[in-house]
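What you are looking at is a predicted structure, and each value in this text was computed from that prediction instead of being measured. The residues of the chain are indexed from 1 along the displayed sequence.
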Amino acid sequence: MILTLPLFSQLILPNHLVPAIDFEDTGTLCYVLLPSAETRALVRFIINGITIHFMACSTHEMEQLTRHWRAQLAPEMDEQQAVELFKEDELNNTDSDAPVIRTVNHLFERALDLRASDIHFEPDISGLHVRCRVDGIMTTIETLPLVHQPTITSRLKLMAKLDIGEKRLPQDGRIEHSIGDRILDLRVSTLPGVHGESVVLRILDRDDIHVSLEHLGMPAKLLSTYQQLITQANGMILVTGPTGSGKTTTLYASLEKINSRKQKIITVEDPVEYQLDGVTQIQTNAKIGLSFSSGLRSIVRQDPDIIMIGEIRDTETAAIAIESALTGHLIFSTLHTNNASGTIARLQDMGVEPYLLSSSLLAIQAQRLVRKICSHCRYETTLTDIEAKLLDISQHDMPKVYHGRGCTHCGETGYQGRVGLYELLVITDEIRDLIGRGVDTNKIQQQAVRDGMQTLRLDALEKLAQGITSPEEVVRVTSNK
């Protein structure tokens with residue numbers, strides 16, 4: 001059994017041996033350490049009387065070992081031990097060896113290792129469950145005794161500069177956390193519950209925002225059309241889909257594409273998730289009356305060329321956005337709808353007149369995110385009868401599909417990363433006439449397809465045929481679309 005002594009890692013208690021991965025069964029103790037003479041001498045001094053072999057390892061093997069150390073960091077302990085270790089007076093301690101601080105940092109590290117987008121701290125009668133959303137799917141990474149909940153929650157609230165004494169009302173904040181040479185923004189939301197406060201942290205990785213439109217997964221023809229649309233002088237482009245469908249990433253990638261010193265760009269967001277160079281960004285604040293609608297009124301007096309509205313939530317915001325689009329501004333915004341054509345009915349339900357929609361809209365893009373099959377463990381197979389029935393296609397139409405076996409690269413899930421599914425409804429003269437006459441959504445959808453729109457489902461089937469995603473993912477994401 002090979003053991004590791006990770007003295008170089010602040011995440012591990014010094015002088016503790018932690019089981020690692022069996023690369024070989026030599027019967028002797030081996031240690032993987034930083035290759036310095038001082039470190040090797042220190043190990044020999046601490047582990048006196050035991051034969052020590054130092055070995056080199058690949059970057060991948062070191063990553064595996066590091067993940068294993070983090071997974072083994074939080075030992076099982078009873079409630080009495082927990083009370084003794086997790087002390088309130090250590091919340092402000094800057095020493096990373098304080099148990100509560102080390103545990104919180106450890107959970108952040110594990111979430112980053114998993115490429116998680118969110119961390120959920122969920123207390124119930126059985127304990128404090130820590131779950132991460134990885135590629136859109138919830139995964140439990142730790143279950144701690146419930147006695148930990150007050151101290152861990154207080155630590156998170158303290159880091160987010162929230163009121164740790166207020167446990168009856170929801171609160172929102174933000175944490176800036178450094179991990180190595182990376183800086184993460186963590187958007188924090190607390191919610192009071194029966195067994196304690198639930199805390200959700202949205203991980204906003206600054207490295208992720210520099211994603212170009214070309215790398216989002218848009219089909220080539222759709223991408224070409226979309227790039228032409230975002231260079232228009234005026235009009236409104238809407239990006240729609242449920243929470244977590246990548247709408248914000250698409251909008252930021254669009255602004256990055258057209259951002260130049262020749263135009264003035266202003267955004268109003270709730271919250272400002274990423275900071276863009278050369279863009280004036282406004283954070284809404286309901287406590288002082290700065291809403292999307294009130295912010296928009298001030299924005300139009302700042303002589304902008306391009307305006308990005310985080311979300312159209314009410315009639316007043318929709319009305320001001322459309323008015324701005326009609327008076328020479330290019331407007332970007334989001335809306336929560338199931339498909340592109342349904343967005344028109346949603347805006348009409350808000351009270352927007354059909355003739356205003358037909359005059360202001362340039363295009364509506366609907367999107368979803370599907371998990372990508374891990375390239376390291378992908379294998380070819382054929383559709384099963386059940387899969388063919390769920391996809392509403394024949395096995396002859398799709399002679400081969402792909403799945404992931406699960407490996408160390410993808411955490412045994414068979415998936416690694418996500419890619420977008422898109423449908424772009426361009427407001428042609430025919431569709432503009434249908435909107436102005438107030439026809440129903442189905443007729444607009446049919447006309448859009450006749451005009452060449454590829455639906456979300458067709459885009460998903462194309463990515464399935466290309467081996468990018470699996471039948472299960474297509475069914476999960478595009479059912480009833």
Side-chain angles (χ1 to χ4, degrees), residues 2-13 16 18-23 32-34 57-76 96 99-122 128-144 148 152 155-156 159 175-188 199-211 244 369 371-377 404-418:
I2 295 176
L3 300 182
T4 62
L5 184 66
L7 298 176
F8 61 90
S9 173
Q10 293 182 351
L11 292 173
I12 306 299
L13 289 171
H16 279 214
V18 183
I21 299 168
D22 282 317
F23 293 114
V32 181
L33 294 163
L34 290 179
C57 67
S58 67
T59 302
H60 173 61
E61 289 170 335
M62 181 59 76
E63 289 174 351
Q64 285 183 296
L65 290 168
T66 303
R67 291 192 183 97
H68 186 85
W69 293 332
R70 290 170 183 161
Q72 297 294 325
L73 177 63
E76 293 286 336
S96 61
V100 61
I101 297 175
R102 188 173 63 249
T103 299
V104 170
N105 290 344
H106 150 68
L107 293 171
F108 287 171
E109 293 276 3
R110 289 195 64 190
L112 187 61
D113 285 342
L114 293 170
R115 307 179 310 278
S117 59
D118 305 83
I119 313 173
H120 296 244
F121 294 81
E122 302 170 335
L128 177 62
H129 304 282
V130 184
R131 301 200 294 166
C132 290
R133 189 177 294 279
V134 181
D135 293 337
I137 305 298
M138 295 295 287
T139 303
T140 299
I141 63 169
E142 202 82 67
T143 298
L144 303 171
H148 289 196
I152 289 179
R155 172 61 184 167
L156 294 171
M159 294 174 73
I175 296 172
E176 188 174 277
H177 185 70
S178 298
I179 298 179
D181 59 351
R182 301 177 66 181
I183 299 178
L184 299 182
D185 283 332
L186 304 170
R187 196 175 76 200
V188 184
V199 184
V200 176
L201 285 70
R202 177 78 182 274
I203 301 175
L204 307 173
D205 190 345
R206 295 179 182 178
D207 293 338
D208 285 347
I209 194 53
H210 300 292
V211 178
L369 291 176
R371 292 185 292 173
K372 294 193 297 183
I373 300 172
C374 175
S375 59
H376 295 90
C377 61
R405 296 185 189 277
C407 63
T408 55
H409 292 88
C410 61
E412 306 300 331
T413 64
Y415 298 97
Q416 191 172 39
R418 290 190 290 179

Please enumerate all residues that pass side chain to side chain donor-acceptor pair (under 3.5 Å) together with [X], with sequence neighbours excluded.
X	result
Arg187	Glu273
Arg202	none
His129	Asp124, Ser126, Thr143
Gln416	none

Looking at residues at least two apart in the chain, or sitting in another chain, which of them share a side-chain contact (heavy atoms from CB on, under 4.5 Å) with Ser117?
->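 With sequence neighbours excluded, Ser117 shows a side-chain contact (heavy atoms from CB on, under 4.5 Å) to Arg133, given in chain and number order.
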Can you sort out the partners of Leu369 under side-chain contact (heavy atoms from CB on, under 4.5 Å), two or more places apart, ordered by chain and number?
->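 Once residues adjacent in sequence are excluded, the partners of Leu369 under the side-chain contact (heavy atoms from CB on, under 4.5 Å) criterion are Arg418.
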Evaluate the criterion side chain to side chain contact (heavy atoms under 4.5 Å, CB included) for residue pair Val188 and Met159; output intermediate values, then yes/no.
-> CA-CA 10 Å; Val188 184; Met159 294 174 73; over 6 Å; no
Between [X] and [Y], what is the shortest heavy-atom contact and its length?
X	Y	answer
Cys132	Ile141	SG-CD1, 3.7 Å
Leu128	Phe121	CD1-C, 4.0 Å
Cys377	Gly406	SG-N, 3.2 Å

In a check of side-chain hydrogen bond (donor to acceptor under 3.5 Å, both in side chains) between Arg131 and each of His120, Glu142, Glu122, which one passes?
->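 Output: one option passes, namely Glu122.
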At what distance, to the nearest 0.5 angstrom, does [atom1] of [X] lie from [atom2] of [Y]?
X	Y	atom1	atom2	value
Asp113	Arg110	CG	CZ	8.5 Å
Arg405	Cys374	CZ	SG	12.0 Å
Ile373	Thr413	CD1	OG1	11.0 Å
Arg115	Cys410	CZ	SG	8.0 Å

Taking the side chain as C-beta and beyond, is there a heavy-atom pair between [X] and [Y] under 4.5 Å?
X	Y	result
Leu107	Ile119	no
Arg155	Thr103	no
Leu186	Ile203	yes

Fit a plane to each ring of Phe108 and His177, take the angle between them on a 0 to 90° scale, and name the class: parallel (under 30°), tilted (30 to 60°) or perpendicular (over 60°).
->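 Ring orientation, 0 to 90° scale: perpendicular.
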